[in-house]
Structures are given as structure tokens and as C-alpha cells.
Chemist: 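First the structure, which I've put down as C-alpha cells, then a few questions once you've had a look.
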Amino acid sequence: MHAAILLFDFLPHSWPLDMTSNEPRTPTANRRQPSGSSTTLPQPNFLVLSHPSLTSEISLTSTPSAKGIVAHQTASTREKIDPYLNEDLMASRVYLPFEIFLQKVFNLPEDWKTNAEFSSLLGALEADKAYGDKLDLYLAACDAEGKEDTLYAPAATAYNQATSVLATAKGDDDLSSTLYVYRQDDKRVVGTRAIEKNVKFCPDLGGVLYDLWLQSNNDEKLVNLEGPAANFSWEQLIVFLEYKREMLMDRGIRAPTVLGANGLDPRDLALLKKILRSVQSASVTSTGATKRGSDSSKPAAKRQKSDPSKTPSRPDIESSDQKELTFDNETIERKKVAYQCANYGLHVLSAGGFKDYSLGALICEDESQLMYYDHSCIAISAPLNFRSDRRMFMLFQVCLFKTQQASLQNRGGIIGRLFDKPSPYMRDYANYQKLVGTDLRNIFVGQFITLQDANGPFKVKLGRVIDQQTGLIGRCTYIVDAESETRWPGMKLVVKITWSPTDRTSEATFVNRIREEAAAQNADWVLDHVPNILHSQDFERLPDEVGCGLAAFLMILPPATPMVDVSPSDVVDYGQIFFDVLQVHRWIYDHARILHRDISQGNIMWHLRRGRICGVLNDFDLSSFRDTTSPSSKQRTGTRPFMAREFHENPQAPPVHLYRHDLESLFYVMFILVIANILLKTPKYNDRVPGEKCYLELYVLSHYGDWLQYDDATLYIEKQRLAKLAKLPAPADSAFELLADRLSTLHVALSAGFYAQDGHVKRIREALDSTKPKRRLRASAAAQSQVHLPAVAEVQPPAFDNSTLDGKWTYARVFDVMSDEEFENMYPIACPVT
């Protein structure tokens with residue numbers, strides 16, 4: 001079989017590719033089982049086709065930065081990133097028919113068959129003999145035996161011909177704004193990061209603006225042999241094509257959400273069962289790839305793909321068959337391709353500018369499968385056989401052509417349309433090489449965006465990228481240096497952008513509520529410890545823009561410094577930062593009635609105010625109002641390494657987030673800093689904040705430093721073990737002993753709370769057991785029906801205060817430890833215990 005991965009990103013970041021399957025571990029006891037079933041998987045959720053968003057019923061979790069881990073400490077190797085990608089694919093994948101994909105993602109009108117514009121463009125492709133011949137040439141190359149690179153030239157030629165035909169049909173004789181496809185193979189895209197040595201990570205073919213291609217002065221003949229001598233970056237690449245010669249298409253196994261037309265399952269269930277039987281009978285090769293053999297040696301034209309419209313609807317699926325349909329049954333090679341595609345999507349969303357989506361397709365011989373990635377969901381289409389349904393495949397190329405034209409105006413995202421003009425780097429190759437080169441932190445330097453406030457529009461000039469979290473599903477925060485002489489002359493600024501579903505409350509809403517409440521209560525000290533948002537705007541997709549229900553949230557604010565990036569040299573300063581955050585967090589909880597819900601090392605910052613260090617509590621975009629029961633974000637309930645122990649036990653059904661959970665997260669932030677870091681005598685310099693000194697460094701031999709990479713199951717075990725330790729381990733650096741003493745006292749308090757909680761649960765179980773009737777052998781059904789089983793409500797459990805772990809873990813306890821006499825003169829008491 002011949003396969004091709006075709007990834008399209010409209011105006012392009014980067015994570016490594018893992019070629020091994022590395023499933024995250026989950027304790028069997030903690031896996032959720034469907035009600036009344038012994039199967040390990042819930043039934044897929046079918047959505048009505050008129051649903052306005054693909055994201056509204058999807059639980060969003062995953063990728064390291066989606067978990068909130070600071071960017072420079074996220075997973076950096078293939079074997080570490082793939083478990084996160086696996087979680088994204090398992091939790092956020094939507095499987096839907098090919099045509100519905102075009103409607104949901106590309107905004108294809110339902111009346112496209114009679115729509116004048118689409119009819120005209122489709123007619124032009126159908127009538128163009130050169131395009132038909134080139135597509136036939138590609139199909140012939142697929143049918144022939146040969147190396148993978150024999151597919152490159154015919155595929156690129158067919159794609160370029162389609163673009164040329166559609167541009168002519170639109171009356172555009174200038175091809176400078178169209179795409180040109182070339183061979184990228186053997187040359188890493190500029191800006192690729194975190195790849196091990198001797199691992200190739202580059203698409204076989206790439207696509208850039210034709211104008212940019214001409215300016216690069218690449219020799220097409222040489223490029224076809226060894227890739228571009230004048231290379232391109234992730235921002236410049238618009239199209240990615242990756243070829244395989246195996247049948248490795250996603251068949252929708254364990255897709256958590258499936259959209260079906262007229263109640264029909266778009267998956268080819270007969271083929272699914274055939275694949276699974278082949279896996280179970282070990283009739284596939286050791287690598288799991290289906291090779292060309294007796295069944296696949298027939299000419300492809302004679303092998304017809306199953307018609308999805310004739311596939312039985314889900315109610316007709318036998319439960320025994322459904323038990324087989326698990327992602328665990330997938331072959332290793334099929335998983336590799338799923339991870340590879342997700343890695344490309346990860347690159348696009350993390351290294352190509354203000355991108356909020358990427359598009360792709362996996363083409364296996366004469367079947368095409370479309371893929372869509374954004375920060376909130378992954379959409380996968382059912383395969384289309386374009387040998388038998390060439391018109392639908394041409395419709396995809398029409399949608400793609402229309403989208404790529406629009407993408408030049410919005411740079412491939414919601415925020416992109418704020419730029420005064422499309423990036424000059426998309427067209428000006430020489431200037432890009434001069435100003436950016438291989439440092440993608442300079443991609444916005446000197447460019448302007450236009451924003452709007454009550455006084456009208458104003459311009460903001462962008463500088464270097466300070467932080468760009470690498471992530472697929474999640475907020476993926478983007479922070480860029482900025483200045484605005486028209487609004488805040490001479491003032492250092494940063495632009496902060498996050499992406500989330502449209503129904504989520506923005507961070508600015510929470511921060512403004514805090515600042516308003518502080519002003520009303522004359523609590524001016526609070527303002528020193530929370531962000532000062534100078535301007536905020538929320539942006540949603542326009543009706544004609546590609547994508548689903550995603551929104552972008554933009555803020556302008558003065559810069560604050562993360563502890564892990566620019567750190568003080570005195571250990572006492574860290575104590576000051578923690579004590580400040582402890583107090584302002586409690587004040588916000590009591591007075592603004594907001595629970596932060598995401599205390600982490602990346603969200604604790606500092607700045608200088610009136611000659612002293614002030615700790616700043618940042619990132620309120622996962623916060624919630626205490627007076628509402630629903631969270632403000634569907635993405636997660638904290639940052640994984642610092643989350644309270646309970647949230648790791650069953651991540652799919654987390655407990656209600658309480659104040660003590662945030663307090664526990666603060667303990668873990670202190671624990672990792674004190675136990676697993678060293679304080680440098682000679683500072684290092686962080687390239688994310690040029691010129692600033694950092695005295696803090698993670699100790700590579702510390703076991704607890706590995707928490708930053710662990711999954712939920714492992715962290716649950718680790719935090720259980722930590723609670724049972726009689727004594728905390730010594731800090732990696734003796735300089736932290738001053739804080740280690742306080743940390744040990746807090747550890748005793750938290751462990752006592754866990755012990756009390758575990759004992760309470762045990763007593764409840766014992767109380768329930770004591771009310772159960774003794775089992776009688778050979779009791780008749782009638783006799784058994786007379787046995788009274790008390791309801792849980794009838795059992796009176798022992799009293800226990802869950803909000804404070806029976807009084808063992810409270811603000812007052814932590815406050816007392818941190819305001820010890822030794823620190824009393826240093827720490828001003830702003831929020832005393834009441």
C-alpha cells in the first residue's frame with residue numbers, strides 16, 4: 001500500500017517525533033468503566049450534525065503545556081512527548097464523514113452542489129486535461145512498486161497544477177500568492193527543536209508562496225535530489241506532505257466523539273473487525289504495517305473502499321464487537337503515523353507564529369483522510385476513495401485553495417488578522433534571512449498590530465518572543481515583547497495571548513474583578529501582587545474563517561518575571577515571594593470570591609515595588625468564581641506536577657476544586673524549588689529574557705525534578721509516598737535549608753491531613769460493611785427480595801471536615817509556619833489570619 005500524509009498549515013512549531021508506542025500508565029483500579037459494562041471503554045458520543053462547534057462537548061487536557069508546565073521544562077524527547085500526544089488523540093479526537101469535515105472545518109456551504117462559485121471552480125478542475133493526467137500519473141506511481149521518493153514528483157506536480165487551474169478560474173493571472181510545492185526531504189525545517197541526534201524530522205514535501213520560492217533562488221532540479229539549499233522556516237511553510245507505502249489510516253478506533261450523518265456510523269466497521277481479527281491472529285508483520293501481499297497485489301482500481309453510507313448504524317453494532325474497538329488494538333505502525341501527524345500539528349501550533357489551527361490529510365494509496373488540529377480539538381475525517389469519487393477530492397482542493405487565499409490575510413489564525421499586513425517574511429526571503437535567520441524569537445520584531453479601546457484604534461509594535469509554550473491541546477500561552485508610543489509611551493509592555501473555547505471566562509474578567517474589589521476595600525497592597533492589565537480584547541472566529549469554536553484572548557500588561565526564568569540570588573527572597581502569594585491568594589478567595597485553581601511554578605512571578613521584591617500570582621485563565629459551580633475552562637484543573645493528590649486518582653472524574661487544593665499546590669511548588677534545585681553562585685542568562693540573570697537551576701540528579709515529566713498515575717503514587725515519608729529528603733543545595741525547615745513543618749501538617757482523610761474513608765467503608773446483611777446460602781429469590789439494604793444516606797459516617805482535611809491543612813496553619821519569628825521582620829503581614 002502507498003500512503004501519504006498531507007499536512008496543511010496556514011501560516012506555520014515544533015516537537016520531536018517518536019517512532020515507538022509509549023502508552024501512559026493508568027492503574028486498573030482507577031479506570032472508569034461504563035455503567036453496567038465490563039468493557040474498558042465508554043461508548044463513543046454521537047453529536048447532531050447541526051452542532052455549531054466540534055469542541056463544546058470535548059474534555060480538553062494534555063500536551064505538556066496544556067498541563068501548564070513552563071515551556072523550558074516540558075518533555076523534550078520523542079519517548080516523553082508521545083504519551084501526551086496519545087492522551088490528546090484519545091481524549092480530543094472527533095471522527096466524522098469527509099463531506100461533514102469540509103462543512104465543519106472549511107465552512108463548505110450545504111448547497112455547494114448548486115453554489116455558483118463552487119460549481120465554477122469544480123468545473124474548471126474537471127475540464128482541465130492536464131490536471132487529470134497528472135492525477136492519473138500519481139495514481140499510477142502508487143500502483144507501481146518502488147521507493148517512497150518516486151511519489152514525490154507526481155504528487156507535487158498534480159497539486160501545483162490544481163492551484164494554477166483554480167487561480168486562472170478565479171481570474172487571477174498573478175501566481176505569486178499561490179502555493180508552490182517542493183521537496184523538503186532531508187532538510188530539517190528551520191526552527192525545529194528538541195530532536196535527538198540522528199533523527200530525521202522533516203516533511204517529504206513542503207509548500208511556500210510561489211513568490212517566496214522564486215526569491216530563494218533554489219534550483220528545482222537539485223532540490224528534487226537533496227532538498228532546498230536555501231531552506232525555509234516553520235513560519236514560511238504552508239503545506240506539508242509526508243509519504244508512506246503502508247496502509248496506516250486512522251479508522252476511528254476509540255474516537256471519543258463520532259459524528260454520523262442520519263444516525264449512521266462513518267467508520268467502516270466491517271473493515272475494522274477485519275483489521276482487528278488480523279491483529280489478533282498475528283497475520284500482520286512484526287511492525288504491524290499491512291504490506292502489499294495477496295490481497296493488496298490486485299490493481300487498486302479494482303479494490304473499492306466500503307461505502308460509509310451503507311455501514312450499519314451504531315445501534316446495530318454488537319456489544320462483543322464494540323469491546324474489540326479500542327485504540328490499544330491498533331498496530332504499532334498505525335500509532336506511529338497518528339503521533340507523526342500530531343507532531344506536525346504540534347510544530348504548526350507552537351513555532352509558526354500566532355497560529356491557532358493546522359490542517360492535514362493522510363493519503364493511503366487512493367484514499368484520503370483529512371485532519372484538523374487546534375488548541376481545543378482534533379478532527380479526523382472518514383477516508384475518501386478519490387479514485388472512485390474524484391469530484392469530492394476536487395472539492396477538497398477547492399476548499400483548500402479558498403482557505404489558503406484567506407490565510408494570507410489572517411496569517412492562519414484569529415490574531416493574525418490584527419497585523420497591518422501579511423508577514424513580509426512570507427514573501428521577502430532575503431529580509432527574513434537577515435532579520436530572523438535561525439532565531440524564530442525574532443519573527444515579529446518590528447511588526448505592528450492594530451487594537452481597539454474606548455478611545456479608538458491604536459497600534460502596538462511587537463518585539464522578541466519571550467515565551468511560546470509548545471502544545472497541541474491547551475492554552476498554549478504566547479508572550480511577546482511590545483511597546484506602544486501612542487498609548488503608553490516609554491513603557492515596557494508584553495502582549496499575552498491564550499486560546500480557549502468560546503464559552504470560557506477570560507483571564508481579564510477575573511483580574512479586573514480582583515482589582516475593582518481591592519479598590520473598593522482600600523486594599524492597595526493587593527495591586528502589587530496581581531497582574532496589571534492595561535488592555536484586553538477577546539476574538540472569535542469570523543463566519544468565513546477556518547476552524548471550530550475557538551477564541552483568542554489578548555492582553556497587554558507590564559512585564560513580570562517568572563521565578564524559574566529570572567530568579568533572585570538570595571534564598572530569603574524566595575520565601576518572600578511564596579509568603580506574598582500565600583496572602584494575596586487568600587485575600588482573593590475571601591474578598592473577590594475567586595479560586596485560582598492553577599498554582600504552579602510558572603504562575604508565580606515577581607517584580608520590584610518600592611525597593612523590595614513582591615511575589616505576583618499570575619495566570620487566572622483557569623480560575624472560577626466561588627459562587628458558580630462550573631469551571632471557567634474545560635481544559636484541566638491545574639498544572640499536573642503541582643496538582644493536589646486527589647486530582648491524579650481519577651483524572652476523568654476529578655473532585656470539586658477546593659481552597660485546600662490550591663494550598664496543596666503551593667506546597668508542591670515550594671517542595672520542587674527547595675528540594676530539586678540549586679542556587680548558582682554565578683548566574684546564567686536566559687535567552688527568553690535577554691540580559692536578565694537567573695540563579696536557579698534544576699538539579700539533574702534529583703528524583704523529584706522528574707515530577708515535571710510524570711503522568712497522573714505516577715504522580716499519584718509519588719505524592720502518596722511523599723506523604724508517608726517520616727522526614728523530607730535534604731535539599732539538593734544546602735542554601736535552601738532555611739526554607740527546607742519550614743517545608744518540613746508543612747509536610748507534617750499535610751501528611752496528617754492525608755492520614756485523617758484516609759482514615760475517614762476507611763471508617764465509612766467499615767460503617768457500610770456493618771450494615772450489610774449476612775449472605776445466606778441457597779436463599780430463594782423471594783427471600784432475597786425481602787432483605788433490606790440500607791441506602792448510603794442511612795449510614796451516618798463519622799464527622800470529617802473535608803474542606804480542611806479535618807482542620808489539619810488550613811491557611812492559618814501555613815501562615816503560622818511562614819510567619820515564623822525568624823522571618824517576622826522580613827515579611828510584612830498583609831492578610832493576617834482572621
Chemist: Quick one: which residue pairs count as a salt bridge (charged side-chain N to carboxylate O under 4.0 Å, His left out) with a foot in residues 105-115, not counting sequence neighbours?
Modeler: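 Salt bridge (charged side-chain N to carboxylate O under 4.0 Å, His left out) check on residues 105-115 returns no pairs.
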
Chemist: With sequence neighbours left out, write down each residue that passes salt bridge (charged side-chain N to carboxylate O under 4.0 Å, His left out) with Glu126, or none if nothing qualifies.
Modeler: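 Here the qualifying residues are Arg391.
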
Chemist: Got a salt bridge between Arg390 and Asp136, using NZ or NE/NH1/NH2 to carboxylate O under 4.0 Å?
Modeler: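 Looking at Asp136 together with Arg390, the answer is yes, because their closest N to O distance falls below 4.0 Å.
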
Chemist: Of all residues at least two apart in sequence or in a different chain, which pass the side-chain contact (heavy atoms from CB on, under 4.5 Å) check with Ala124?
Modeler: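 Once residues adjacent in sequence are excluded, the partners of Ala124 under the side-chain contact (heavy atoms from CB on, under 4.5 Å) criterion are Val165, Ala169.
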
Chemist: Is any side-chain heavy atom of Leu205 closer than 4.5 Å to one of Phe240?
Modeler: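 They are not in contact (no side-chain heavy atoms under 4.5 Å apart), so the answer is no.
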
Chemist: Would you call Val208 and Ile238 a side-chain contact if the rule is heavy atoms closer than 4.5 Å?
Modeler: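 Not touching, per the 4.5 Å side-chain cut-off.
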
Chemist: Examine distances only and state if a side-chain atom of Ser120 and a backbone atom of Ala116 form a donor-acceptor pair shorter than 3.5 Å.
Modeler: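 Side chain of Ser120 to backbone of Ala116: no pair is present.
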
Chemist: Given the side-chain rings of Tyr357 and Tyr373, with only the six-membered ring counted for Trp, is the space between their centroids under 6.0 Å?
Modeler: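 Judged by ring-centre distance (under 6.0 Å), Tyr357 and Tyr373 do not meet the cut-off.
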
Chemist: Does the side chain of Asp366 come within less than 4.5 Å of Tyr138's, by heavy atoms?
Modeler: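 In short, these two side chains do not touch, never coming nearer than 4.5 Å.
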
Chemist: Keeping Tyr180 on the side-chain end and Leu212 on the backbone end, is there a donor-acceptor pair under 3.5 Å?
Modeler: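 No: the side chain of Tyr180 does not pair with the backbone of Leu212.
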
Chemist: List in chain and number order the residues that pass side chain to side chain donor-acceptor pair (under 3.5 Å) with Gln433, two or more places apart in sequence or in another chain; answer none if no residue qualifies.
Modeler: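 Once residues adjacent in sequence are excluded, Gln433 has no partner under the side chain to side chain donor-acceptor pair (under 3.5 Å) criterion.
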
Chemist: Holding to side chain to side chain donor-acceptor pair (under 3.5 Å), I want the full list of residues that pass it with Asn231, two or more places apart in sequence or in another chain.
Modeler: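 Residues passing side chain to side chain donor-acceptor pair (under 3.5 Å) with Asn231: Gln184.
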
Chemist: Please identify each residue that fulfils side chain to side chain donor-acceptor pair (under 3.5 Å) with Asp133, with sequence neighbours left out.
Modeler: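 Per chain and number, Asp133 pairs via side chain to side chain donor-acceptor pair (under 3.5 Å) with Lys129.
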
Chemist: Report yes if some heavy atom in the side chain of Tyr372 is under 4.5 Å from a heavy atom in the side chain of Ser381; otherwise report no.
Modeler: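 When only atoms from C-beta onward are counted, Ser381 and Tyr372 do not touch, as no gap falls below 4.5 Å.
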
Chemist: Could you go through the ring pair (Phe, Tyr, Trp, His ring centres under 6.0 Å) check for Phe386 and Phe396 one step at a time?
Modeler: CA-CA 10 Å; Phe386 59 87; Phe396 160 63; 9.8 Å; no

Chemist: If you measure from CD on Gln236 to CG on Asp428, what distance do you get to the nearest 0.5 Å?
Modeler: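 Those atoms lie 10.0 Å apart.
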
Chemist: Would you call Tyr182 and Asn218 a side-chain contact if the rule is heavy atoms closer than 4.5 Å?
Modeler: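 In short, these two side chains do not touch, never coming nearer than 4.5 Å.
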
Chemist: Is a donor on one side and an acceptor on the other found under 3.5 Å between the side chain of Thr163 and the backbone of Tyr159?
Modeler: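 The answer is yes, because a donor-acceptor pair under 3.5 Å joins these two groups.
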
Chemist: Looking only at atom types and distance, does a side-chain atom of Lys134 sit under 3.5 Å from a main-chain N or O of Thr157, one as donor and one as acceptor?
Modeler: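 A pair under 3.5 Å: no.
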
Chemist: Check whether any side-chain N or O of Asp389 sits under 3.5 Å from a backbone N or O of Asn385 as a donor-acceptor pair, and report yes or no.
Modeler: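 No; zero donor-acceptor contacts below 3.5 Å.
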
Chemist: Is Lys402 paired with Glu117 through a side-chain N to carboxylate O contact shorter than 4.0 Å?
Modeler: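 Answer for the salt bridge query: yes.
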
Chemist: Is Arg93 salt-bridged to Asp88, cutoff N-O under 4.0 Å?
Modeler: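 A salt bridge is absent here (no side-chain N lies under 4.0 Å from a carboxylate O).
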
Chemist: In plain terms, say whether Lys147 and Asp149 are close enough for a salt bridge, that is, a side-chain N and a carboxylate O under 4.0 Å apart.
Modeler: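 Here Lys147 does not pair with Asp149 in a salt bridge, since their nearest N and O are not under 4.0 Å apart.
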
